[in-house]
Amino acid sequence: MGEITNVMEYEEIAKQKLPKMVFDYYASGAEDQWTLAENRNAFSRILFRPRILIDVSKIDLSTTVLGFKISMPIMIAPTAMQKMAHPEGEYATARAASAAGTIMTLSSWATSSVEEVASTGPGIRFFQLYVYKDRNVVAQLVRRAERAGFKAIALTVDTPRFTLPPFLTLKNFEGLDLGKMDEANDSGLASYVAGQIDRSLSWKDVQWLQTITSLPILVKGVLTAEDARIAVQAGAAGIIVSNHGARQLDYVPATIMALEEVVKAAQGRIPVFLDGGVRRGTDVFKALALGASGVFIGRPVVFSLAAEGEAGIKKVLQMLRDEFELTMALSGCRSLKEITRNHIVADWDAPQAALPAPRL
């Protein structure tokens, strides 16, 4: 394997190494995959307005998320079943995040349990949660995350509608009281759990969750100002602008396009984060310029995990950090608070002027 110089190179390596079904599970989007492409393409429609002659000999990338100090505003999003990518799975991801001084979010559909991830050593970790029809299952998962030292709940509110491979074990559900699970159902625990997602989920469930845990709750899956305002009213500790990696509803906007609307609606009352399409340090800068408090990366983690295990994830985090730091320096920003909307211009800021008709 030659020297990797770009986070996106890991996708092609993962495609060569993984079985087609596994790669497609990680890489695919919904239906025509328009939003999947748009999550990336929309970043290219934002240009920089760099400031010059500013002393950028010292640059501070550190920030605070929900009161926790981290080394940079680049965190790890929840991605399911990482042992499909590499035998070390979530263990490798947890160690890489900890080494980079940043936050890992563990999927509730992980192939390593909250206790196993906690056993890898110190680190700031969030737990991603779906709400199930049996609220007792939800309460058990939250209590286990709390006991394992997880610091926040990332409640995913865009209801998933994809099928899980039946041959893997969802470790967070082992040992739980799952009520009347059909043991004879040969589609396995994964299919059972996927079928238990509560599609009647509503804002009152966000408030119910607050009654069973003291952990801060991030609402993941917000794309509109209307829902951002309700999230604030419902007591969310933060919002993650997300379209579920474009895996759910096709033809929704790229998250970077939805971000500013959500930020304006939140009015600074709670932090707003973004996931979806982040592949470059320049993307991180653009998200922060549009008001994000940080970004989460998903697919680059599983692709680099498949390619090089823990070392791959460490490399991805370092490359994004280096690119982000360089972007800050070249834009004249010494700290995150100096990154402003004036540092960028987006092609959706103003209507495009019509080109003059060609002369005949």
### Query
Near Arg51 CZ, under 6.0 Å, is it more than 12 heavy atoms from other residues, nucleotides or ligands?
no

### Message
Treating Glu323 as the side-chain partner and Asp283 as the backbone partner, does any N or O pair qualify as donor plus acceptor under 3.5 Å?
### Response
no

### Message
To check you understand the geometry: which heavy-atom pair defines the closest contact between Asn243 and Pro253, and what is its length?
### Response
ND2-O, 3.2 Å

### Query
Any side-chain donor paired with an acceptor under 3.5 Å for Glu174 and Ser113?
no

### Message
If hydrophobic clusters are built from ILVMFWY residues whose side chains come within less than 4.5 Å, do Val316 and Leu274 share one?
### Response
yes

### Message
With rounding to the nearest 0.5 angstrom, report the OG1 to OH distance, Thr79 to Tyr25.
### Response
9.0 Å

### Query
Say you draw a straight line from OG of Ser293 to CG of Leu66; how long is it, rounded to the nearest 0.5 Å?
9.5 Å

## Note on the structure
Output for pair (Leu141 CG, Glu146 CD), nearest 0.5 Å, gives 11.5 Å

### Neighbour count >12 (heavy atoms, 6.0 Å) for atom CZ, Arg49
no

### Message
Looking at every non-hydrogen atom in both residues, tell me the closest pair between Ile256 and Ala42 and how far apart they are.
### Response
CG2-CB, 3.4 Å

### Task
Ignoring hydrogens and angles, tell me if any N or O in the side chain of Thr213 forms a donor-acceptor pair with the backbone of Leu215 under 3.5 Å.
yes

### Query
Are any non-hydrogen side-chain atoms of Ile70 and Thr63 less than 4.5 angstrom apart?
yes

### Task
Have a look at Leu336 and tell me which of Thr64, Ile59, Leu288, Asp60 forms a side-chain contact (heavy atoms from CB on, under 4.5 Å) with it.
Leu288

### Task
Spell out, as yes or no, whether a donor-acceptor pair under 3.5 Å connects the side chain of Ser119 to the backbone of Glu116.
yes

### Query
Roughly how far apart are Gln207 CD and Ile217 CD1, rounded to 0.5 Å?
10.0 Å

### Summary
Exactly one candidate in Arg147, Arg144, Arg143, Arg125 meets salt bridge (Lys or Arg N to Asp or Glu O under 4.0 Å) with Glu115; the answer is Arg144

### Task
For Gln128 and Thr105, test the side chains for any donor-to-acceptor distance below 3.5 angstrom and give the result as yes or no.
no

### Message
With rounding to the nearest 0.5 angstrom, report the CE to CD1 distance, Met75 to Ile124.
### Response
10.5 Å

### Summary
With Thr111 as partner, the option from Lys83, Glu90, Lys171 fulfilling side-chain hydrogen bond (donor to acceptor under 3.5 Å, both in side chains) is Glu90

### Query
Quick check: does any side chain N or O of Thr35 sit under 3.5 Å from a backbone N or O of Val252, one acting as donor and the other as acceptor?
yes

### Task
Test side-chain contact (heavy atoms from CB on, under 4.5 Å) on Leu290 and Arg341 and set out the steps.
CA-CA 6 Å; Leu290 287 168; Arg341 185 62 166 83; 3.4 Å; yes

### Message
Just verifying a value: how many Å separate Met8 CE and Glu12 CD, rounded to the nearest 0.5 Å?
### Response
13.0 Å

### Query
In terms of side-chain heavy atoms, does Glu308 have a donor or acceptor partner in Tyr10 at a distance below 3.5 Å?
yes

#### Entry: side-chain contact (heavy atoms from CB on, under 4.5 Å) assessment of Val222 paired with Ile230
CA-CA 10 Å; Val222 174; Ile230 298 171; over 6 Å; no

### Query
Can you find a pair of side-chain heavy atoms, one from Ile339 and one from Phe285, that are under 4.5 Å apart?
yes

### Task
Say whether, by atom type as modelled, one donor and one acceptor occur between the side chain of Asp24 and the main chain of Met21 under 3.5 angstrom.
no

### Query
Between Lys314 and Ala96, which heavy-atom pair has the shortest distance, and what is it?
CG-CB, 3.8 Å

### Query
Got Phe173 and Val137 here, is their nearest side-chain heavy-atom distance under 4.5 Å?
yes

### Task
Return the minimal non-hydrogen interatomic distance between Ser242 and Asp275, and the atom names on each side.
OG-OD1, 2.8 Å

#### Entry: Single-linkage hydrophobic cluster Val157~Ile212, side-chain heavy atoms < 4.5 angstrom
yes

### Message
Count I, L, V, M, F, W, Y as connected when their side-chain heavy atoms are under 4.5 Å apart, and connections chain through other members. Are Val114 and Val138 then in the same cluster?
### Response
yes

### Task
Evaluate whether atom NZ of Lys315 has more than 12 neighbouring non-hydrogen atoms of other residues, nucleotides or ligands under 6.0 angstrom away.
yes

### Task
Look at the side chain of Ser304 and the backbone N and O of Val301, then say whether any donor-acceptor pair between them is shorter than 3.5 Å.
yes

### Message
When you compare the side chain of Ile313 with that of Ile76, does any pair of heavy atoms fall below 4.5 Å?
### Response
yes

### Message
Using 30° and 60° as the class boundaries, would you call the ring planes of Phe296 and Phe126 parallel, tilted or perpendicular?
### Response
tilted

#### Entry: Side-chain (Lys286) to main-chain (Phe43) donor-acceptor, under 3.5 angstrom
yes

#### Entry: Nearest non-hydrogen partners of Pro50 and Leu330, listed with the distance
CB-O, 3.3 Å

### Query
Are side-chain heavy atoms of Trp203 and Gln233 found at a separation under 4.5 Å?
no

### Message
Which heavy atom of Val56 sits nearest to which heavy atom of Cys333, and what is that distance?
### Response
CG1-N, 4.1 Å

### Message
Main chain of Ile54, side chain of Arg334: is a donor-acceptor contact present, judged purely on distance under 3.5 Å?
### Response
no

#### Entry: Residue pair Val284 / Met72, side-chain heavy-atom distance below 4.5 Å
no

### Task
Apply side-chain contact (heavy atoms from CB on, under 4.5 Å) to Tyr130 and Leu201, showing your working.
CA-CA 9 Å; Tyr130 294 112; Leu201 179 68; over 6 Å; no

### Task
For the pair Phe23 and Glu11, evaluate side-chain contact (heavy atoms from CB on, under 4.5 Å) and give the outcome as yes or no after the intermediate values.
CA-CA 9 Å; Phe23 176 80; Glu11 182 167 355; 4.0 Å; yes

#### Entry: Heavy-atom check, side chain of Asp227 versus side chain of Val219, under 4.5 Å
no

### Message
If we ignore hydrogens and angles and just use 3.5 Å, is the side chain of Ser98 paired with the main-chain N or O of Ala94 as donor and acceptor?
### Response
no

### Query
Do Val295 and Leu326 sit in the same hydrophobic cluster, where Ile, Leu, Val, Met, Phe, Trp and Tyr count as joined when their side-chain heavy atoms come under 4.5 Å apart?
no

### Task
Measure from the side-chain N and O atoms of Glu38 to the backbone N and O of Trp34, and report whether any donor-acceptor pair falls under 3.5 Å.
no

### Query
Are Val65 and Val241 joined in one hydrophobic group, where the rule is that I, L, V, M, F, W and Y side chains link up if heavy atoms are under 4.5 Å apart?
no

### Side-chain heavy-atom pair Arg279, Arg299 within 4.5 angstrom cut-off
yes

